[in-house]
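Taking it in order: structure first as structure tokens, then the write-up.
Order of the sequence lines sets the chain letters (A, B, ...), proteins ahead of strands, with each chain counted from 1. Keep in mind that the numbers below use all heavy atoms, side chains included, and drop hydrogens, waters and symmetry copies.
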Amino acid sequence: MNVNRLTAIDDKPGRPRGLKLASIAIAIVGAIAAARSASANTSNGINLPRGVTVLSRDIYSLHMLVFWICVGIAVVVFGTMIVAMVKFRHSQGAIPDTTMVHSTKVEIVWTIIPVVILIVMAVPAALSILKIEDTRNSDLSIRVTGYQWKWQYQYMDAAAGINYFSTLSASSNFARQLHSGIDPRTVPHYLLSVDHPLVIPSGVKVRLLLTSADVIHAWWVPDFGMKRDAIPGFINEMWIKVLPGKEGVYRGQCAALCGRDHGFMPIVVDVKTPADFKKWVEDQKAALKQAQAAPAAPAAAASAPPRTAATLPLTAKL
Amino acid sequence: MAQSHAPNADQYYIPHGSPWPIYGSVTLFTVMSGAIATLNSWLPAWSLLPGFAMLAGLFIFWFGTVIRESEAGMYNMAVDRSFRMGMMWFIFSEVMFFAAFFGALFYARDLVMPWLSGDGTKLLTNTLLWGNYHGGWPTNGPMALGPRADGTYETVPAIGLPAINTAILLTSGVTITIAHHALLRGHRRRLAVFLAATFLLGFTFVALQATEYHEAYTKLGLQLGTGIYGSTFFMLTGFHGLHVTVGAIMLFVIWLRVLKGHFTPQRHFAFEAVAWYWHFVDVVWLGLFIFVYWL
Amino acid sequence: MAHAIDIAHDDQPATGIKRWLFATNHKDIGTMYLVFSLIMFFVGGTMAMIIRAELFEPGLQFVDPGFFNEMTTMHALVMIFGAVMPAFVGLANWMIPLQLGAPDMALPRMNNFSFWILPFAFTLLLSTLFVPGGAPAGGWTMYPPLSLQFGDSFPMMIFAIHLMGISSIMGAINVIVTILNMRAPGMPLLKMPLFCWSWLITAYLLIAVMPVLAGVVTMLLTDHFFKTSFFNAAGGGDPLMFEHIFWFFGHPEVYIMILPAFGVISEIIPTFSRKPLFGATSMIYAIASIAFLSFIVWGHHMFADGMPLAAQMFFMMSTMLIAVPTGVKVFNWTATMWRGSLSFEPPMLFAIGFLFMFTIGGFSGVMLALVPADYQYNQSYFVVAHFHYVLVPGAVFAIMGAVYYWLPKWTGNMYSMTLAKTHFWLSTIFVNVLFFPQHFLGLAGMPRRIPDYAVQFTDWNMVSSIGAFGFGLSQILFAIAIIQCVRGGQKATAKVWGGATPTGLEWTIPSPAPYHSFTTAPEIH
Ligand code: HEA
Ligand code: HEA
Ligand code: CUA
Ligand SMILES: [Cu+2]
């Protein structure tokens, strides 16, 4: 793997200072809400996570930029309203200026200023879209298929052959039943854990090819900054490139209403270093060979994969 | 109460209480309930009958009242103008209804079909999911949906019945215009004849279309279920045909009223409303002929 | 000129149930719309309370996940089509003829028809809760293929929507025709009150998009029952096609719910600022531009759904543009208050609440419009927070403000100012407790439409639910204030708001407005 290129991304010139201020302000507010930032994601509980991918950082900066612009406009607009309400009160004997009916000049001004502000937001947004939509030159492609209510991951390229389902972990599934009597707070990563997570390498452009076998689902891991619908009959593409050094487990959920158990089809991604990932792939392939050699089922990677959970030994539960 | 307003052309006529709206609401509810019961197989299709019977009654009673009031001279020019505007906006809403289906047609033709064939960024949609399907329009989709086992079907050629139907509708557009001019000039006989010609042409159109449908269903393998082409074809032409039928019935009613001596060269809202409606149906057909049959 | 000498003897409303069933009087019909809407607000609100109760804590406590989805879906349909839209139609019925100096709506029988369809439509919709398979549970957006999985409720929902559409279209035709044809002589369109203007444009939007909704649900129906392939890729269709057509309706629909609110606010603020509306003409152009833009922005609901790049760019830019005319409105309202002489009666309080909180909702709208950021926000509680800010302290507050503004005109009685002000303050506090934390939840990663959530979302959900119960209970005050006012109270004058100088012909007739007003067109100077 091209490690140099990867580090280069992490060394990108620092974020604008305003954003630091932003995060500080957010953090102060957040402190009141106390620390509920479970390890499941890097959000502080009240703001977007900065995330761990190239795109998520871009998106975070864009989000903060717009947020502060809106705060700025709010201060001006609401400030004016409040001043008006304090200064021009009937009960204080204010005399209305009934001649003030319109002014072309100010109206032009307050049409132009918003246009300018909007352009300031639109430019970085547009550049960012171009980047997001560029799914070319990926190093690894994984086909992700949504089912009611689980995900299937089929690796392609160098990892071709690896193919398994990922469903809500048994402990969460048990606790989430109506009147289960189990306190969700005692279940580790309640509703955000699966039997077999998706495993991807860090530092590499991973392309997900999303589709669905039944209804529309959506694949969303907030820390990766990206979400995309999985639509039956079509392939939607998106890419993620986790920054090196950010290996770990990241969690998300299906984000498109897909029926009764829509709330219960989480996504868990185990991001490994390229070396670890390579090893994982080899392990999987070895296991796959063994399984094929066994007299039982024919190849698991057939075009219509079995609906049952994975027949492969996989990484431990997460 | 009614006659107290009668000759008062100064006064905008406001009816004082009318049973027909609430009857109409019950009617619509009955129609819909019948349709639901049928579709859900709760009841056989006869459950639609009460609703349709009531619907016929609704038109007869409500329009009957309006016609009576109109003939009694209770509507001044302002009321007339309200009716005209109402009709125009109603037709606009109909235009938008058809626009939804035309939108579906264009979207399917110009975007979905190329995407399924792997156009642009959708290359993988084609290679991974649809095994190198190459659609052209018309299409019944990568799975070749339809009644025939081999997935084939034929389309209705534009030159043939559709062309004849186009001629029929265009002619009917002319005849109704002649009828209108006759009405304006007070030539009652010519009015009646050309009006009759118009609705007869209309019914002929419907009959021919029924033949065409029969042909499509039995011989061409072209049905509602024949993929997106069958869907758009039948929904567009079907709703259009429904409108032609309704329009022709309205023309017929207007014709009866003409025979009874209704309408004056100055005041004939109902006639004009139906004529507008007829022209609208005509224009929609041109769109269909071009985009569904021809291109 | 010969005037209406003969009308006196039926100047009295019919008695008993006939008055309502056979109604042709715009005030009676307006009243029915408003009462219906209030009932639906309580029904939809009760469903929201079920949602919030289930979401109070992680884990499933009260309802099955399927039923939760039914609640989400029905809550939205009831609130949009049953509460907000009919409320505005009711206001239109009452006020447009009064403001224009017209004797009634242009097509009185059709007016009654459009009202009476609604109770039947909602009987149909709400009865789905009792059929096998339960109510529709695919969200108010009904995306296929999920919606094609519904049971017996499926055609019921579709036909209920058809009925609502028919009702809306007829109501809208009536409004347009009344405005274009029934203005008192001497009232040019540009001199028409802003409320009428906002409704003229809203009605146009309604006629343009309700048929499209009817069309798209019809396609859904035939896909389900008659093997068509509109939304099925195997036959050459596309599920996204539904979304495109739906949102071509759906986006203008949200402006249908806000433009009349703009109209109301433009009536209230000048009255209680004792100063004419600033930039009235540009206000009209702003509404018109918003309406125009609303037709070309629908794609912003589908950024994450897989649209071509060019489409994403186009919809992002067009959506952002809406901030400009909306900004013009907000600035003009502010300028109207500036150098005015403000007093804070309940209608004004609601209008000011609207100004602040609608703008907050608008800001989150602009954030959502930015495609890359929307990849994160989409389908999260951030969206829920956005649209409730524009809908609840936006549209609903405007409706409440309008009711408090015109209620004395309708009933002839003043209501209890203390009660109304209490209602305002409680609502304002709780609505923020209810919806503000939902921004946090969405940003932190909580998806919408889920009955249960990961434990890190617990705190803000609790806060939100507490706000919801508080807000819900506060609405009881609204009902009390109205009932009290209908039953009696201090008599209102013709001008109602005394020293304040409201314009508009409605203030030239006595309070309560007589059963027939303007049987003779007033002279306008
Ligand atoms: C009354 C209803 C209403 C209104 C008025 C709006 C107003 C706006 N909405 Fe909203 N919206 C909804 C109801 C409404 N919306 C609903 C119901 C949904 C969800 C549907 C669903 O999925 O179920 C939704 C969803 C929604 C989305 C999709 C999100 C997603 O699903 O991912 C987007 C994205 O662009 C959006 C944008 C906007 C914008 C830009 C406005 C603009 O009109 C706002 C303009 C106003 C302002 C900006 C404030 C005032 C302006 C100024 C003070 C001037 C200066 C400001 C700037 C220069 C920024 N809305
Ligand atoms: C005009 C529209 C409108 C209005 C007014 C409201 C009002 C409210 N909404 Fe609604 N809502 C929508 C439109 C609206 N909503 C839409 C379009 C959706 C999206 C649906 C979808 O995803 O498809 C949605 C979704 C939605 C959700 C997300 C559901 C999900 O994603 O799973 C939630 C959750 O909190 C919610 C809550 C509320 C609350 C608490 C109110 C409150 O304001 C309601 C307050 C009113 C009352 C409570 C009634 C009056 C009082 C009583 C009856 C007295 C008794 C009171 C108590 C017992 C406390 N709404
Ligand atoms: Cu899958 Cu929601
Ligand atoms: Cu929108």
Side-chain angles (χ1 to χ4, degrees), chain B residues 1 4-5 8 10-12 14-22 24-26 28-29 32-33 35-36 39-40 42 62 78 81-82 85-86 89-90 92-94 96-97 99-101 103-104 107-108 111-113 115-116 120-121 135 139-143 145 224-225 227-231 235, chain C residues 1-4 6-7 10 14 18 21-24 103-104 106-110 112-113 116-117 120 124 152 155-156 159 162-163 166 169 173 176-177 180-182 207-212 214-216 219 222 225-230 232-238 241 244-245 248 308 519:
Chain B
M1 237 159 277
S4 65
H5 291 270
N8 193 346
D10 237 24
Q11 195 82 38
Y12 192 94
I14 312 282
H16 290 282
S18 165
W20 306 128
I22 183 79
S25 308
V26 176
L28 288 184
F29 184 70
M32 304 273 170
S33 303
I36 291 162
L39 289 174
N40 277 341
W42 292 342
W62 190 329
R81 213 158 42 234
S82 290
M85 288 182 176
W89 287 99
F90 168 68
F92 174 56
S93 80
E94 290 267 44
M96 293 309 291
F97 182 77
F101 287 91
Y107 187 86
L111 295 171
V112 181
M113 195 260 297
W115 286 340
L116 290 173
T121 54
T139 179
N140 57 349
M143 298 284 272
L145 301 185
L224 256 179
I228 188 70
Y229 182 72
S231 310
M235 293 299 278
Chain C
M1 261 204 254
H3 281 160
D6 48 284
I7 198 158
D10 51 8
K18 266 193 170 173
L21 288 182
F22 296 175
T24 47
D104 203 300
L107 303 161
R109 270 186 288 240
M110 193 170 84
N112 190 26
F113 196 19
W116 272 109
I117 289 175
F120 290 98
L124 206 52
D152 285 357
M156 300 171 78
F159 286 120
H162 276 306
L163 286 178
I166 294 172
I169 292 170
I173 291 179
I176 293 201
V177 175
L180 294 183
N181 193 29
M182 309 277 287
I207 300 178
V209 301
M210 292 310 289
V212 175
V216 79
M219 294 179 213
T222 57
F225 288 107
F226 303 110
K227 293 195 191 151
T228 56
S229 309
F230 288 106
N232 175 8
D238 183 351
M241 184 160 92
H244 279 290
I245 309 177
F248 181 83
T519 40

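Here B:M96 is the residue among B:E94, B:M113, B:M143, B:M96 with the most heavy-atom pairs under 4.5 Å with chain C. Residue with the most contacts toward chain B among C:P108, C:P103, C:A23, C:P308: C:P108 (heavy-atom pairs, distance under 4.5 Å). Contact tally against chain C (heavy-atom pairs below 4.5 Å) for B:A104, B:A35, B:G103: the top residue is B:A104. Options C:H244, C:M110, C:K18, C:H162 differ in how many heavy-atom pairs under 4.5 Å they form with chain B, and the most are formed by C:H244. Highest contact tally toward chain B, considering only C:V177, C:D238, C:D152, C:T228, is held by C:D152 [criterion: heavy-atom pairs under 4.5 Å]. With respect to chain C, the highest number of heavy-atom pairs below 4.5 Å among B:S18, B:S33, B:G24 belongs to B:S18. Among B:G230, B:A78, B:P19, the residue with the largest count of heavy-atom pairs under 4.5 Å with chain C is B:P19.
To the nearest 0.5 angstrom, B:S82 atom OG is 5.5 Å from C:M182 atom CE. For the atom pair CE of C:M241 and CD1 of B:I228, the computed distance is 4.5 Å after rounding to the nearest 0.5 Å. The distance from the CG atom of B:L28 to the CH2 atom of C:W116 is 14.5 Å, given to the nearest 0.5 Å. Atoms CZ and CD1, on C:R109 and B:I22 in that order, are 15.0 Å from each other to the nearest 0.5 Å. Note that CD1 of C:I176 is 4.0 Å distant from CH2 of B:W89, once rounded to the nearest 0.5 Å. Rounded to the nearest 0.5 Å, atoms CG (C:L163) and OG (B:S25) are 9.0 Å apart.
Using modelled atom types, one side-chain atom of C:T24 and one backbone atom of B:P15 make a donor-acceptor pair closer than 3.5 Å.
Residue C:P155 comes nearest to B:L39 through the heavy atom pair CB-CD1, 4.1 Å, listed as atom of the first residue, atom of the second, then distance. The minimum heavy-atom distance between C:G236 and B:L116, with the atom names listed, is CA-CD1, 3.7 Å. The minimum heavy-atom distance between C:F159 and B:M32, with the atom names listed, is CD2-SD, 3.2 Å. Of all non-hydrogen atoms in C:S229 and B:G227, the two that sit nearest each other are OG-CA, 3.5 Å.
Looking at B:A99, neither its backbone nor its side chain comes within 4.5 Å of chain C, counting heavy atoms on both sides. There is no contact between B:T121 and chain C, counting heavy-atom distances below 4.5 Å. Heavy atoms of C:I169 lying under 4.5 Å from chain B belong exclusively to its side chain. Heavy atoms of C:L180 lying under 4.5 Å from chain B belong to its backbone as well as its side chain. In this structure, chain B has heavy atoms under 4.5 Å from both the backbone and the side chain of C:L21.
Taking the six-membered ring where the residue is Trp, B:F29 and C:F120 present tilted rings, their angle falling between 30° and 60°.
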**Request:** Check the pair C:M156 / B:I36 against side-chain contact (heavy atoms from CB on, under 4.5 Å), numbers first and verdict last.
**Result:** CA-CA 6 Å; C:M156 300 171 78; B:I36 291 162; 3.5 Å; yes
**Request:** Take B:F90 and C:I173, measure what side-chain contact (heavy atoms from CB on, under 4.5 Å) needs, and give me the verdict at the end.
**Result:** CA-CA 7 Å; B:F90 168 68; C:I173 291 179; 4.0 Å; yes
**Message:** Determine whether B:M235 and C:F226 satisfy the following criterion, side-chain contact (heavy atoms from CB on, under 4.5 Å), listing intermediate values before the conclusion.
**Reply:** CA-CA 11 Å; B:M235 293 299 278; C:F226 303 110; over 6 Å; no
